[in-house]
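Any value given below was found using the heavy atoms of this structure, including those in side chains, with hydrogens, waters and symmetry copies removed. Numbering of residues begins at 1 and proceeds along the displayed sequence.
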Amino acid sequence: MNTIAILMSAFVLSVVALMIFIWTQRRGILDGDPKAAEVIFAAGEVGTVEDPAASGRRAQALQGTSPPQGVPDARELAERARADASSGPLVFFFLCCAFVWLLVASAAGLTASIKLHEPDWLVQYPWLTFGRIRTIHLNAVAYGWAPMAGLGIALFVIPRLLKTELVGARYAFLGAALWNAALIAGLGAIAAGFSDGLEWLEIPWQIDILFVLGGSLVGVPLVLTLLNRQVHHLYVSVWYMGCALFWFPVLFFVANVPGLHKGVQQAAMNWWFGHNVLGLFYTPLALASIYYFLPKIVGRPVQSYNLSLLGFWGLAFFYGQVGGHHLIGGPVPGWLITLSIVQSFMMVIPVLAFSVNMHGTLKGRLAAIRHSPTLRFIAFGGLMYFASSVQGSFEALRSVNAVAHFTHYTVGHAHLGLYGFVTMVFFGAIYFVVPRVTTREWPSPWLIGAHFWLAAVGITLYFLSTSIGGWEQGKAMLDASRPFMESVTLTIPYLKLRSIGGGLMALGHVVFAVHFAMLLAGKSAGQDRPTLLRAI
């Protein structure tokens with residue numbers, strides 16, 4: 001059987017299996033416990049919306065989209081308040097670190113983007129050369145912003161879902177301190193010219209030991225809290241977050257053992273890690289956030305709990321080898337490439353399962369997106385999860401890869417996933433979490449709106465410019481009649497547009513950080529903004 005036959009067979013099998021699963025859901029054949037989706041609510045709470053980022057008229061309009069069906073149980077609300085209080089200081093520390101690394105990564109990324117079309121800018125400083133500043137940007141996102149935000153959100157959500165107070169927070173405080181110290185040392189090493197030379201793994205392995213120690217300590221309270229849980233059923237968000245915290249240490253340890261991988265094997269390992277750190281660490285944390293916050297905001301349990309589990313197991317089974325398509329054309333076995341392509345298309349199962357589930361949950365509640373700042377970011381991120389995943393599946397095809405590989409097209413795809421999906425979801429979750437851990441409201445709905453539109457328009461410009469420019473670049477490189485420099489010069493207008501998009505995103509991050517500082521300073525939102533920080 002040739003490669004096309006294998007690929008098409010896997011695709012058809014995936015779609016047929018998904019249709020059968022959806023049919024069983026409609027018939028109730030596999031619906032063993034429909035109440036499992038309601039564990040995120042207190043008794044009598046279904047229909048009650050919860051979005052601390054909404055205020056005043058927006059909060060009233062949001063509540064109007066989902067009429068309450070009962071009176072929430074006061075005892076369970078008190079337990080939730082105690083869970084929030086137990087994790088509050090630790091979550092606040094993680095989110096403060098996330099804000100710092102977001103600004104650092106934004107400055108480095110915008111600098112690197114500008115240097116692509118203005119190569120003589122800041123050349124007098126070695127650490128600001130493109131090779132170093134771009135690597136600083138990548139590592140500040142990969143080991144600074146994304147894990148600090150994602151883990152902070154997990155530390156907030158898990159005690160709520162387990163209905164118990166966080167146990168062992170002091171271990172995570174120490175772990176976070178070690179992790180941030182390691183990142184500071186790692187970025188300093190990269191700036192000074194010391195690197196292991198592998199993408200996503202540039203930080204010297206000696207410093208990685210601190211990451212291992214810090215990460216291990218961060219995981220301790222999550223394990224202890226799980227062991228002390230007051231619930232029997234583990235909601236799907238706990239599965240996603242728990243497995244992300246198991247998968248990432250395995251990935252990181254295997255990838256950083258010095259001298260273990262050499263030559264072609266090292267290249268295969270590099271993209272095994274680079275792809276899986278997105279799909280098996282950041283993605284589960286983001287999906288877990290959506291599965292918790294979206295139902296809470298609309299006051300409705302997720303439509304199909306079994307579909308949520310299908311999405312989890314599909315991600316677990318099919319994502320592990322998708323990174324191999326980055327090695328098409330390299331000296332690696334053909335079966336490895338074909339397996340990667342097949343698994344890339346098998347990802348249609350968890351992606352469609354998630355998308356169908358979210359659409360069903362939001363059906364009849366779409367008006368809530370206008371009134372809920374958190375939901376606006378999360379819905380945008382969920383849409384980008386579908387878009388980036390489908391694009392990634394087709395990008396794995398040899399015919400598409402031949403044009404797109406080694407071009408700006410791949411850069412656009414990576415940002416659509418890590419920014420358009422993961423980061424936008426984290427933004428939305430942070431807007432929800434911060435008022436709960438600080439007991440203060442966001443001062444300005446206008447600044448939240450400005451942040452959303454700057455980020456959304458920015459990533460749209462960034463993605464379109466890199467995708468179109470990258471595709472034209474790839475076609476020019478494949479045309480033997482055109483000189484190589486033509487493939488470089490034709491990208492200049494697109495790279496300038498990319499910098500504009502990046503500048504809008506960076507400006508949005510500054511607005512986000514300033515707004516956070518205003519909240520901490522106790523700036524008031526005005527008299528028309530009643531206090532909404534109920535213990536729910």
Please tabulate, for side-chain N and O atoms in residues 387-395, each donor-acceptor pair with protein atoms closer than 3.5 Å (sequence neighbours left out).
residue: Ser388; atom: OG; partner: Met384; partner atom: O; Å: 2.8
residue: Ser388; atom: OG; partner: Tyr385; partner atom: O; Å: 3.3
residue: Ser389; atom: OG; partner: Tyr385; partner atom: O; Å: 2.7
residue: Gln391; atom: OE1; partner: His413; partner atom: ND1; Å: 2.8
residue: Gln391; atom: NE2; partner: Tyr409; partner atom: OH; Å: 3.3
residue: Ser393; atom: OG; partner: Ser344; partner atom: O; Å: 2.7
residue: Ser393; atom: OG; partner: Ser389; partner atom: O; Å: 3.2
residue: Glu395; atom: OE2; partner: Thr410; partner atom: OG1; Å: 3.3

Taking [Y]'s backbone N and O only, do any of them form a donor-acceptor pair with [X]'s side chain (distance below 3.5 Å, no angle check)?
| X | Y | answer |
| --- | --- | --- |
| Arg440 | Leu520 | yes |
| Asn270 | Glu199 | yes |
| Tyr235 | Tyr291 | yes |
| Asn357 | Ala353 | no |
| Glu165 | Ser86 | no |
| Arg376 | Gly449 | no |
| Arg229 | Leu226 | yes |

Quick one: does [X]'s side chain get under 4.5 Å of [Y]'s, heavy atoms only?
| X | Y | answer |
| --- | --- | --- |
| Phe248 | Leu280 | no |
| Phe421 | Leu278 | no |
| Phe463 | His415 | no |
| Phe426 | Leu285 | yes |
| Pro284 | Leu315 | yes |
| Leu245 | Val223 | no |
| Trp313 | Pro350 | no |
| Phe318 | Phe345 | no |

Classify the ring geometry of [X] against [Y]: parallel below 30°, tilted from 30° to 60°, perpendicular beyond 60°.
| X | Y | result |
| --- | --- | --- |
| Phe92 | Phe516 | tilted |
| Tyr292 | Phe432 | perpendicular |
| His509 | His451 | perpendicular |
| Phe211 | Tyr143 | tilted |
| Phe173 | Phe93 | tilted |

Show, in sequence, the C-alpha distance, side-chain angles and deciding distance for Phe312 and Leu287, and conclude whether the side chain to side chain contact (heavy atoms under 4.5 Å, CB included) test is met. CA-CA 9 Å; Phe312 170 78; Leu287 292 177; over 6 Å; no

Given Asp51 and Thr374, is the side-chain hydrogen bond (donor to acceptor under 3.5 Å, both in side chains) satisfied, shown in steps? CA-CA 7 Å; Asp51 186 4; Thr374 297; 2.9 Å; yes

Is the shortest distance from a Lys or Arg side-chain nitrogen in Arg75 or Glu79 to a carboxylate oxygen in the other one below 4.0 Å?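 Between Glu79 and Arg75 there is a salt bridge, with a charged N closer than 4.0 Å to a carboxylate O.
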
Run the ring-centre check on [X] versus [Y] and record whether the distance is less than 6.0 Å.
| X | Y | value |
| --- | --- | --- |
| Phe380 | Trp453 | no |
| His233 | Tyr305 | yes |
| His515 | Phe99 | no |

Given Val302 and Met358, is the side chain to side chain contact (heavy atoms under 4.5 Å, CB included) satisfied, shown in steps? CA-CA 7 Å; Val302 66; Met358 292 302 99; 3.9 Å; yes

Apply ring-ring contact (aromatic ring centres under 6.0 Å, His included) to the pair Tyr431 and Phe512, showing each step before the final yes or no. CA-CA 10 Å; Tyr431 276 116; Phe512 190 29; 5.1 Å; yes

Mind listing the closest non-hydrogen atom pair of [X] and [Y] along with its distance?
| X | Y | value |
| --- | --- | --- |
| Gly168 | Pro221 | O-CB, 3.4 Å |
| Ala513 | Leu103 | CB-CD1, 3.9 Å |
| Pro301 | Val46 | CD-CG1, 4.0 Å |
| Lys296 | Ile40 | NZ-O, 3.4 Å |
| Ile430 | Ala149 | CD1-CB, 4.3 Å |
| Pro435 | Pro52 | CB-CB, 3.6 Å |

Consider only side-chain N and O atoms of Thr164 and Asn228, and report whether a donor and an acceptor are under 3.5 Å apart.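 The criterion, which ignores hydrogens and geometry beyond distance, is not satisfied for Asn228 and Thr164.
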
Is it the case that the side chains of Trp145 and Ser106 hold a donor-acceptor pair, with the cut-off being a distance below 3.5 Å and no angle test?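 Side-chain D/A pair, Ser106 to Trp145: absent.
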
Look up atom [atom1] in [X] and atom [atom2] in [Y], then write down how far apart they are to the nearest 0.5 Å.
| X | Y | atom1 | atom2 | result |
| --- | --- | --- | --- | --- |
| Ser216 | Leu178 | OG | CG | 10.0 Å |
| Met347 | Leu352 | CE | CG | 10.5 Å |
| Leu162 | Leu234 | CG | CG | 6.5 Å |

Begin from the C-alpha positions of Glu45 and Arg80 and carry the test side chain to side chain contact (heavy atoms under 4.5 Å, CB included) through to its verdict. CA-CA 13 Å; Glu45 193 182 18; Arg80 185 184 300 164; 2.7 Å; yes

More than 12 heavy atoms of other residues, nucleotides or ligands under 6.0 Å from OH of Tyr171: is that the case?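 Open: at most 12 neighbouring heavy atoms sit under 6.0 Å from OH of Tyr171.
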
Does CH2 belonging to Trp200 count more than 12 external heavy atoms closer than 6.0 Å?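 Yes, CH2 of Trp200 has more than 12 neighbouring heavy atoms, counting only those of other groups under 6.0 Å.
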
After noting the C-alpha distance and the side-chain angles of Val433 and Leu95, does the key distance pass the side chain to side chain contact (heavy atoms under 4.5 Å, CB included) rule? CA-CA 9 Å; Val433 170; Leu95 295 184; 4.0 Å; yes

